Amino acid sequence: MKTLIIAEKPDMGRNIAAAIEPKAKNYRSYLEGEQYIITWAIGHLIGLAEPEAYDDKYKKWNINDLPIIPDQFKLVPNARTIDQLKVIGELAKRSDLLVNSCDAGREGQHIFSLIQRHLQLGQPVKRLWISDLTPETIRKGFQELKDGSEYENLTKAARARSEADWLIGMNGSRAFTTKHNVLLSVGRVQTPVLALIYDRQKTIEAFSSLKFFEVEGHFTQNEVAYKGMWQGDRLTDGAKAEALAAKVKGKPGRVASYEVKDTKEYPNKLYDLTLLQREANGKYAFSAKKTLDIAQALYEKHKVISYPRTNSNYVTEQNIPEMHKTLSALQGTSYDEWVKGANRNLVHKGNKFICNPSKVEDHHAILPTNRKASGLSADEAKLYDLIVRRFLSQFYPAAEYKVHTVFTEVEEESFKTTVKELLSLGWKVIYGDQKKDKAKPAKGKGKEDEEEEEIEVNEPFSISPTDGVLCSDAVVKEKDTQPPKHYTEGTLLKAMESAGKQIEDEELRDAMKDSGLGTPATRAATIERLKNVGYVEMQGKKIAITQKGRTAIELIRGAGIELLTSPEMTGQWERRLNEIARGTAADGQFMENVKRFASMIVEKVRVQSRASKTSFEGETPSIKAGAKGRSSGSAAKASPDKPAGASRKRSGAGGSASAGTTAGAGRPKAGAETAADTGPKIIGACPRPGCGGTIFMGRKGYGCSHYKEGCKFVIWKENHGRTLTDAQVKALIEKGRTGKLKLTAEDGALLEGKLVLANMDTGQLSIE
């Protein structure tokens with residue numbers, strides 16, 4: 001009998017085989033050597049069954065059949081990957097030991113557990129738990145295999161998360177959909193995230209801008225010139241501001257106080273996934289999903305970074321020698337100059353800014369590995385560069401500054417000057433070739449205030465506290481108070497990490513990580529889901545809530561289910577799941593609470609008044625005049641089968657709501673609510689294997705007539721900077737590609753290429 005190794009994906013399985021069974025024979029769906037058989041899942045092979053698996057009556061959505069609360073959740077194989085599941089079942093019959101080599105995290109644990117439960121595998125289990133896929137790490141991991149029972153609590157947490165999401169999603173989505181006759185998707189995490197966006201939008205809309213005035217004094221002392229901002233209550237009267245400027249202009253003054261303080265700025269923390277996604281969004285406009293996909297490729301395919309789905313910014317003592325090896329491996333690369341300038345003595349076990357084992361649970365911070373990067377795409381190279389620079393900066397000293405704070409008095413009016421004099425660049429030398437980032441505001445300061453008051457200089461600055469000063473000029477600046485900014489994916493990720501709390505303090509942010517919305521591994525999918533169900537649109541980098549998204553939140557709150565929109569409550573759920581994973585909380589009690597909550601949702605919706613159909617309609621207003629065109633692809637706006645005035649979505653948008661059925665009699669007819677009696681315009685046959693449906697044109701996209709049977713194929717009209725024509729869509733579904741077009745890449749770059757049908761199941765397009 002041999003040992004059966006089950007990896008999460010084929011690439012990982014092949015990496016493992018290359019490291020421990022290099023002579024293994026390749027049988028396409030598995031590899032077999034003398035000691036090991038290596039096979040893999042293809043993501044989730046098993047899922048939780050749909051409601052109709054428990055009772056045929058659930059095929060139609062009826063509020064009187066709710067809540068649906070199974071005694072035991074049924075498992076069903078994914079129809080598309082059932083052959084691979086059968087392969088695993090057959091291989092297990094020839095094995096007396098299983099090694100769970102799925103991703104070392106909650107979801108990886110869940111994937112293996114579902115396979116084990118569904119196939120009723122009774123063999124003992126060992127767990128491979130590693131943070132990168134280099135051959136050395138894989139071999140070391142196999143020498144130190146853990147007993148599968150050590151991860152039993154993590155399995156319980158993963159199962160509780162999955163079943164809780166099913167209960168809230170299925171009951172919430174069916175209740176609201178059947179009550180209001182519009183497909184409304186509700187979810188344990190997605191709904192409070194939507195509420196964050198809704199509340200921010202309402203705050204912006206209610207904001208009343210106030211005009212105010214600042215007076216900037218220009219001073220000279222001997223050969224030194226400097227500026228200072230008038231200190232006093234905010235000036236809202238322009239005449240008073242002008243009078244103040246006239247009062248001090250040309251007048252002598254004195255230095256009321258002068259303080260010089262040495263300060264240091266230490267390197268930024270190593271990346272966790274959320275921080276990497278935030279910075280890649282800010283710097284390159286990458287969506288959270290795109291960053292995760294690229295990071296996964298760097299980890300799995302290229303093996304040049306460690307496991308990316310981590311929530312830690314720190315490493316353990318065991319990682320310190322590895323970091324030194326990686327530094328050496330970067331010699332001779334494009335980073336060679338910075339490697340030569342690195343101080344190895346700064347990265348050691350006692351440096352708590354880097355090494356803090358108490359803040360590392362499943363995985364340490366994202367690090368480059370000691371494998372040299374080659375063959376990276378342009379976007380992969382950008383993300384790899386972010387990670388390598390952040391890593392290298394840890395081997396450099398703090399940047400050093402002298403901060404000069406001057407209060408200048410003229411005609412009994414006080415002006416404040418803050419000058420930040422650079423003494424030593426330190427770690428910032430690594431970013432010297434990039435645009436200078438704006439200085440972070442001091443705690444409690446608005447960014448605008450701080451930027452006005454603090455001036456950074458490279459040359460020495462000094463004034464005499466005893467010599468006189470001349471106010472050579474005084475300038476009045478007219479300003480407006482600013483509303484909060486619209487969320488971008490980067491700032492939304494930050495809000496999700498802290499369950500919506502505005503936390504600037506990094507220590508407090510760390511403490512909130514256990515009770516954020518979702519996990520690093522799932523946040524990108526949550527944002528994508530809000531786009532795909534038509535609740536939000538991307539307008540440039542900004543996230544705009546649609547009319548459907550607004551109405552969904554208002555209906556949920558109007559039903560008296562504020563808790564479902566509460567980031568704090570959902571954050572507490574996430575904390576409880578983390579406690580289950582650690583063995584400090586019971587999964588049974590958690591699930592009882594979720595079941596009660598699902599039942600309460602149904603009862604509240606049952607007595608709610610039905611919303612008017614028009615409350616879901618209407619174009620999303622542009623959140624910035626002249627904003628660049630909407631983004632395409634996954635950042636889709638609304639359902640493709642939604643002709644003018646329609647409000648239903650195709651089933652693929654329902655997600656946890658699953659089937660595309662609506663109230664009572666159940667399903668919307670294909671092309672229902674189209675203009676007059678013309679019916680939808682047919683483009684051609686659906687290319688999804690085995691579907692048999694037809695692709696028809698809706699107001700915002702081209703969807704499949706079999707949406708009610710679960711086909712999720714859609715091509716959005718707005719795609720890669722173009723509005724697609726019927727002929728181009730016909731070419732895509734029949735030939736798989738268009739002719740050459742002028743297109744816009746995801747990073748905004750203009751290019752020429754062909755649109756290619758990259759995914760037959762979803763209609764996702766890529767550029768060739």
Side-chain angles (χ1 to χ4, degrees), residues 168-169 172-173 176 182 184-207 274 277-278 281-282 285-289 482-503 512 516-519 522-559 561-571 574 615-624 627 630-631 634-639 649 653 655-656:
I168 300 302
S173 297
F176 279 102
V182 172
L184 292 172
S185 176
V186 171
R188 181 182 66 89
V189 177
Q190 75 169 48
T191 300
V193 173
L194 181 63
L196 285 177
I197 300 166
Y198 173 90
D199 291 339
R200 173 66 59 90
Q201 183 64 36
K202 294 295 278 186
T203 303
I204 292 168
E205 288 168 2
F207 183 83
T274 304
Q277 288 170 317
R278 281 166 45 192
N281 180 254
F286 288 176
S287 69
K289 180 181 185 299
Q482 297 297 311
K485 288 183 167 61
H486 288 91
Y487 279 120
T488 64
E489 288 203 30
T491 56
L492 183 59
L493 284 166
K494 182 178 180 182
M496 290 171 76
E497 191 176 41
S498 56
K501 289 184 167 59
Q502 298 301 310
I503 298 172
M512 282 296 298
L517 298 179
T519 66
T522 60
R523 286 177 189 136
T526 299
I527 295 172
E528 290 303 307
R529 176 145 186 69
L530 292 174
K531 297 174 190 175
N532 292 337
V533 297
Y535 285 161
V536 302
E537 294 177 3
M538 296 306 296
Q539 295 188 7
K541 279 173 65 175
K542 294 175 182 173
I543 299 172
I545 191 165
T546 64
Q547 184 58 40
K548 184 177 181 181
R550 286 172 184 258
T551 303
I553 292 297
E554 287 163 3
L555 286 174
I556 292 165
R557 287 177 171 164
I561 319 170
E562 292 87 347
L563 277 179
L564 187 55
T565 65
S566 163
E568 289 84 0
M569 189 212 74
T570 306
E574 203 64 57
S615 64
F616 298 94
E617 298 168 3
E619 287 296 311
T620 307
S622 174
I623 56 180
K624 184 182 177 187
R630 316 265 197 270
S631 63
S634 62
K637 291 186 272 188
S639 93
K649 296 216 30 97
S656 58

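Model, not experiment: these values are computed from the prediction. Worth knowing before you read on, the calculation uses all heavy atoms, side chains too, and leaves out hydrogens, waters and symmetry mates. Residue numbers start at 1 and run along the sequence shown.
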**Message:** Quick check against the 3.5 Å criterion: does S498 have a side-chain atom that pairs as donor or acceptor with the backbone of K494?
**Reply:** yes
**Message:** Checking E554 now: which residues fulfil side-chain hydrogen bond (donor to acceptor under 3.5 Å, both in side chains) with it, not counting sequence neighbours?
**Reply:** Y198
**Prompt:** Between the main-chain N or O of P621 and the side-chain N or O of Q539, is there a donor-acceptor pair closer than 3.5 Å?
**Reply:** yes
**Fill in**
Hits for side-chain hydrogen bond (donor to acceptor under 3.5 Å, both in side chains) against T191, two or more places apart or cross-chain, chain-then-number order -> none
**Message:** Is any side-chain heavy atom of M538 closer than 4.5 Å to one of E489?
**Reply:** yes
**Item:** Nearest heavy-atom neighbours spanning S173 and G169
**Value:** OG-O, 2.8 Å
**Request:** Taking T491 for its side chain and Y487 for its backbone only, find out whether a donor-acceptor pair lies under 3.5 Å.
**Result:** no
**Prompt:** Pick one: which of L184, I545, I197 meets side-chain contact (heavy atoms from CB on, under 4.5 Å) with Y535?
**Reply:** L184
**Item:** Side-chain heavy atoms of E528 within contact of S287, under 4.5 Å
**Value:** yes
**Item:** Atom pair CD1 (I553) and CG (L194), whose distance is rounded to the nearest 0.5 Å
**Value:** 4.0 Å
**Lys/Arg-Asp/Glu bridge criterion (N-O < 4.0 Å) met for K548, E537** = no
**Request:** Kindly compute the distance separating CZ (R278) from CG (L493), expressed to the nearest 0.5 Å.
**Result:** 8.0 Å
**Asked** Got L555 and F616 here, is their nearest side-chain heavy-atom distance under 4.5 Å?
**Response** yes
**Fill in**
Nearest heavy-atom approach of P567 to L196 is CG-CD2, 3.7 Å
**Request:** State, yes or no, whether a side-chain contact exists between R200 and I204 at a heavy-atom distance under 4.5 Å.
**Result:** yes
**Request:** For T570 and V193, run side chain to side chain contact (heavy atoms under 4.5 Å, CB included): C-alpha distance rounded to whole Å, both residues' side-chain angles, the deciding distance at 0.1 Å, then the answer.
**Result:** CA-CA 10 Å; T570 306; V193 173; over 6 Å; no
**Prompt:** Can you check whether K542 reaches K485 side chain to side chain, under 4.5 Å on heavy atoms?
**Reply:** no
**Asked** Residues in side-chain hydrogen bond (donor to acceptor under 3.5 Å, both in side chains) with T551, at least two apart?
**Response** Q547
**Asked** Which value, rounded to the nearest 0.5 Å, describes the distance between R529 atom CZ and K289 atom NZ?
**Response** 14.0 Å
**Prompt:** Can you name the residues that form a salt bridge (Lys or Arg N to Asp or Glu O under 4.0 Å) with R523, not counting sequence neighbours?
**Reply:** none
**Prompt:** If you measure from OG1 on T546 to CD on Q201, what distance do you get to the nearest 0.5 Å?
**Reply:** 10.5 Å
**Request:** Could I get the full list of side-chain hydrogen bond (donor to acceptor under 3.5 Å, both in side chains) partners for Q277, not counting sequence neighbours?
**Result:** none
**Request:** For N281 and F286, indicate whether the former's side chain and the latter's backbone hold a donor-acceptor pair under 3.5 Å.
**Result:** yes
**Fill in**
Those residues at least two apart in sequence (or on a different chain) that pass side chain to side chain contact (heavy atoms under 4.5 Å, CB included) with T522 are T519
**Prompt:** CG of L517 to CD of E497: how many Å apart, nearest 0.5 Å?
**Reply:** 10.5 Å
**E562 backbone acceptor or donor facing S566 side chain under 3.5 Å** = no
**Asked** Just wondering, do L492 and I527 contact through their side chains at under 4.5 Å, heavy atoms?
**Response** yes
**Asked** Just wondering, do L530 and I543 contact through their side chains at under 4.5 Å, heavy atoms?
**Response** no
